[in-house]
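Residue numbers start from 1 in every chain, and the chains themselves are labelled A, B, ... in the order their sequence lines are given, proteins ahead of strands. This structure is a prediction, so every number in the text was calculated from the model and none was measured.
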Amino acid sequence: MALDGPKQDFKYIGTRPERPDGWDKVTGKARFGADFSMPGMLHGAILRSPHAHAKIIKIDATKALALKGVKAVVTRADFPEGLEGEDWNIQENVMAGEKALYDGHAVAAVAATSQLIARDALKLIEVEYEVLPHVTDVDKAMAEDAPVIREGAADYSVPEGMHPNVVRYMESGRGDLEKGFAEADLVIEESFTTEAAHQGYIEPHACVANLGADGKGDLWCCTQGHWFVRQMCTAVLGLEATQLRVTPSEIGGGFGGKTTVFIDPVALALSRKAGRPVKLVMSRSEVLRATGPTASASMDIKMGMTKEGKITAASGTFRMQGGAFPGAPVDVTTMLAFANYDIEHVHHVGYDVMTNRPKQAAYRAPGAPMGAFATESVLDELCRGLGLDPIETRLKNAVKEGTPATFGPKFPPVGLIETLEEARAHPNYSVKLGPNQGRGVASGYWMNWGGETSASVAIGDDGSVQVSIGTVDIGGSRASMALMAAEAFGIPYENVRVSIADTGSLGINEPTHGSRATFASGLAIIEASREATRKLCQRAADKWGIDADAVTWEDGCAKPSGPNAGEFDPLTIAEIAAEMGSTGGPISGHHESTPDGFGGSFGTHVVDVEVDPETGRTTILRYLVVQDAGKAIHPAYVEGQFQGGAVQGIGWTLNEEYIYGEDGRLQNPIFLDYRVPVASDLPMIDTVIVEVPNPGHPYGVRGVGETGITPPLPAIANAVRDAIGVRMKKLPLTPPRVLAAIKARD
Amino acid sequence: MQYHTPPSFEEASRIAASASGTTRFLAGGTDVLVQLRSDLVTPDDLIDVKHIPGVKEIARQEDGGWRIGVAVAGAEMTEHPDLGRDWPGIVEGMDLIGSTQIQGRATLVGNLCNGSPAADGVPALVAAGASVTVTGPNGARDVAVADIPTGPGKTCLEKGEVISALNIPARGENGGDAYLRFIPRTEMDIAVVGCAVNLRVDGDTITEARVVLGAVAPTIRAVQACADALIGTTLDDAALEALDKAARAACEPIDDKRGTVEFRTDVAGVLARRAAKIAYARAKGEQS
Ligand SMILES: Cc1cc2nc3c(=O)[nH]c(=O)nc-3n(C[C@H](O)[C@H](O)[C@H](O)COP(=O)(O)OP(=O)(O)OC[C@H]3O[C@@H](n4cnc5c(N)ncnc54)[C@H](O)[C@@H]3O)c2cc1C
């Protein structure tokens, strides 16, 4: 390890203390979005379009307004005009304007004295629609005869002559594809599709809004990022940013889907109109119909390989629909599709396409899993065709520090090779398989993120430490933050209390997204703590009458830095804190930055499945996740992230999908038919944490939240291929599809 | 909405008979309350049957049969020491419903009267030849379970009629039953196909059989051709093949998001074979 590398010897980091929010959550005391209420509060409900695509001719709310208890109805007319870009997109999505663009699109909303009255009132709102032809499939939406969702939505990148539903186009690569494919002993070209999957967070969106006619307001909501909520709501409603204070609740999962807004601006608009606080809580079917699932994809992949297993060239075309708005994460798909490997000749093409579906939202490693499914499936076929071991072949092509990435820059230190070596050495990789069983391997990457960050620490009068951060705790991050503060101060974990501050208490923080919270808020806490310990040292120096430079901070105490500094007994944080009022006032530390030293995280998954040859049903027998965490601050929660990613990937691969009928309506807007895995579907997910320190973080942290969902799609598909002898190219691998493939094989 | 807690089935029947709007009986409520909350059915009269004496009892009859109260929850059936020894297929069908929480509330009679062709509790009841006692304005009558459902969400119960007990016949010697369903996951799903088999053996030979398919037609369907394929055989490969074929031939499924026609038909044959093997092993005392 280089001398200036991240710190390596830790006292608290790497331990597994109980999370501070755990007790409240398991005893029902924690307050989630729907648990908040206010005196005089009204209840809101949203009327949604039953049509996939329809012109809104007229909305008549007269009867609804006449119902006793109804206090306000809002439509798009209650929102300001003239917005542009993503602000307009969000406004149009939260409340339809001229057209309803998908089944479930909000067209009006009611606030009433009870939820039942609000729901009854919805039935009294008369909406006249002119139903238009619709399209929900990405390939069909690009076809010449596809209905146009919105003229003029395309940006400058789209070449002339494409269907207006193609709104962004991208192309990147290097080398000479023709030359690369000529060098290959085997070239494989295949097409793949994946369906839209929902983040499936257990807690539906919920908020309480209180907005005055003066444009000053408060919002309590369940979100991954309250500054994003503030920016979006104030833009959509034409308010001044800091006049709206947003306070986040505890959050029951987000996975990217709570980095944007769906109901919050509507609740604010209702509140402003009714002059009272308004609570809005989504039902599960509203969540599935009208919040953002991820994009669906249609992809063509071509890869070439030598007999020895060297990838000579790779190209991919990726078409993705993200609903009735631009924004499918195809840019990331193209960027990461081949990112695991050192490939000289590589080319990517991407299309962002609009359809009559809900506006996609970020979902854990947005865009990466689809691309990985296609490319890692083809890589598996190449290994099979050439009789090569999938891990050895990946090792032969794996990127490492200094490799030029397929998306451009050279990689800093990364841990792909280490994850592959650990996977190969793990006992799961050598378990003997029985009949109808198969093993699959895949690797994946997520580049992670830094983002705007602001955090504070303050010393209590007894020497305990209060930490204020702006990143919502979704996966146990308060425990990790407390560990980092404990380490920086040299005080026990229990003496640190971490709070999530509202938007009125800190500078702008990006959400808990991009796997950034432990990296970025952690970095800010360490820096803020260092600022505070410098001040603590200064107080000790003043007391001792020596230079501050001659004082060091160690194990929670100020100490003379060496024999030349003088002979003084160490001063504990509690001793300095007890006197701070009279020695210069409160002591705190603060840090704000947009850190860019986030290190990406590679992972390798090994999965064993058994496929029932008579029903096509796949059972996951064993599942191993090996991933680079840089430094695991709280290993249990790192493992939890690995397992969670794998489980969501299992759902997406086997059963989860958005099913649209001929009428363009979502057929499965309930958890009964939108099938996320249940606990009994899963084996214990085995985990191995690899630690290749990230030089961009003082303790070596890399984000770990998202990488884990990138390998499961191909790993499971490869395992099913191994079990049944047929390559499945369309996700999900539902029993009817797998059985049909088995029958076609025989 | 009016909520009633009648003290007797006669009173329950009287309330239902004089009600003018939509009426629902409330047993476990795991269908009724879900439909209410999702705005599918909002009853004008909700008649809770759980306050009637005896509705929570599982009682063995003198002839060896069983009388099961209309408010007995799935978990109570599963935990009963003897019921599952006689009728493991009925108990496993009921036990498949929902999760631990649902098992604390859901009842067999509710499952039957909800009228779903995919109801997991019903095929094994029909295979067992169970009946229900129906209390109505004109007194009580017994109706075969097989005759209760008449179509998706529909039953033959007349206005004012309420089921007051579920009667399962005596098991008798050398009998065994089994129920299997296919779902993509391991729980919390609606059967894509369900199949119950009830049979009796004499030595190795099957002497009586009933095979009932769920979720492959508008109602649960007892298939005589399947029974014929089994009777007189030792469940050899030829019998299983014939059973598979007969089961597939009996299918008239719908094509929907839960399964294609082809898939449902294929899996009906598979489940029939698998359930027959379990029932056979149970009849011979080789498996519990
Ligand atoms: C999460 C969940 C999972 C589920 N999983 C399954 C499953 O795997 N398989 C399955 O088959 N079902 C499942 N169900 C559906 C439901 O649980 C079952 O149908 C259950 O058996 C219904 O029983 P209940 O006592 O709750 O009925 P209730 O909801 O109380 O009543 C259902 C119907 O029966 C009528 N009724 C009740 N008692 C009487 C009576 N004495 N006389 C006349 N009519 C009566 C009611 O009027 C109503 O129409 C599930 C439900 C939920 C919520």
query = Which atoms of B/D266 come close to chain A, meaning under 4.5 Å heavy atom to heavy atom: side chain ones, backbone ones, both, or neither?
reply =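 The side chain, not the backbone.
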query = What part of B/L271 is in contact with chain A, defined as an atom under 4.5 angstrom from a non-hydrogen atom: side chain, backbone, both or neither?
reply =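 Neither part, no heavy atoms under 4.5 Å.
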ask   = Out of B/T260, B/I190, B/V192, B/V193, which one racks up the most heavy-atom pairs below 4.5 Å with chain A?
value =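 Of the options given, most contacts go to B/I190.
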message = Does any backbone or side-chain atom of A/R119 lie under 4.5 Å from a heavy atom of chain B? Answer side chain, backbone, both or neither.
response =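 It is the side chain, since no backbone atom gets that close.
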Neighbours of chain B found in residues 730-746 of chain A - heavy atoms under 4.5 Å =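 Under the 4.5 Å heavy-atom cut-off, A/P735, A/P736, A/L739, A/K743 qualify.
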inquiry  = I'd like to know if the side chain of B/R185 and the backbone of A/V676 have a donor-acceptor N/O pair within less than 3.5 Å.
reply    =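 Yes, the answer is positive, given that a donor and an acceptor are paired below the 3.5 Å cut-off.
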request  = Please lay out, stage by stage, how A/Q667 and B/R258 fare under the test side chain to side chain contact (heavy atoms under 4.5 Å, CB included).
outcome  = CA-CA 10 Å; A/Q667 301 281 297; B/R258 297 187 184 127; over 6 Å; no
Kindly check if the number of other-residue, nucleotide or ligand heavy atoms within 6.0 Å of [atom1] ([X]) is above 12?
X      : atom1 : result
B/K284 : NZ    : yes
B/E241 : CD    : no
B/D237 : CG    : no
B/E286 : CD    : yes

If you measure from [atom1] on [X] to [atom2] on [Y], what distance do you get to the nearest 0.5 Å?
X      : Y      : atom1 : atom2 : result
A/E657 : B/K257 : CD    : NZ    : 11.5 Å
A/D120 : B/D39  : CG    : CG    : 8.0 Å
A/D681 : B/I183 : CG    : CD1   : 8.0 Å
B/R37  : A/S283 : CZ    : OG    : 13.0 Å

task = Identify the two heavy atoms, one from B/F263 and one from A/T615, that lie closest to each other, and give their separation to 0.1 Å.
result =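 Heavy atoms only, the tightest pair is CE1-O, 3.1 Å.
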Smallest separation among heavy atoms of B/T186 and A/R617, with atom names =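 The answer is CG2-NH2, 3.3 Å.
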inquiry  = Please evaluate residues A/E614 and B/R273 with respect to the criterion side chain to side chain contact (heavy atoms under 4.5 Å, CB included), reporting the C-alpha separation (whole Å), side-chain torsions for both, the decisive distance (0.1 Å), and the verdict.
reply    = CA-CA 11 Å; A/E614 292 186 317; B/R273 277 189 276 117; 2.8 Å; yes
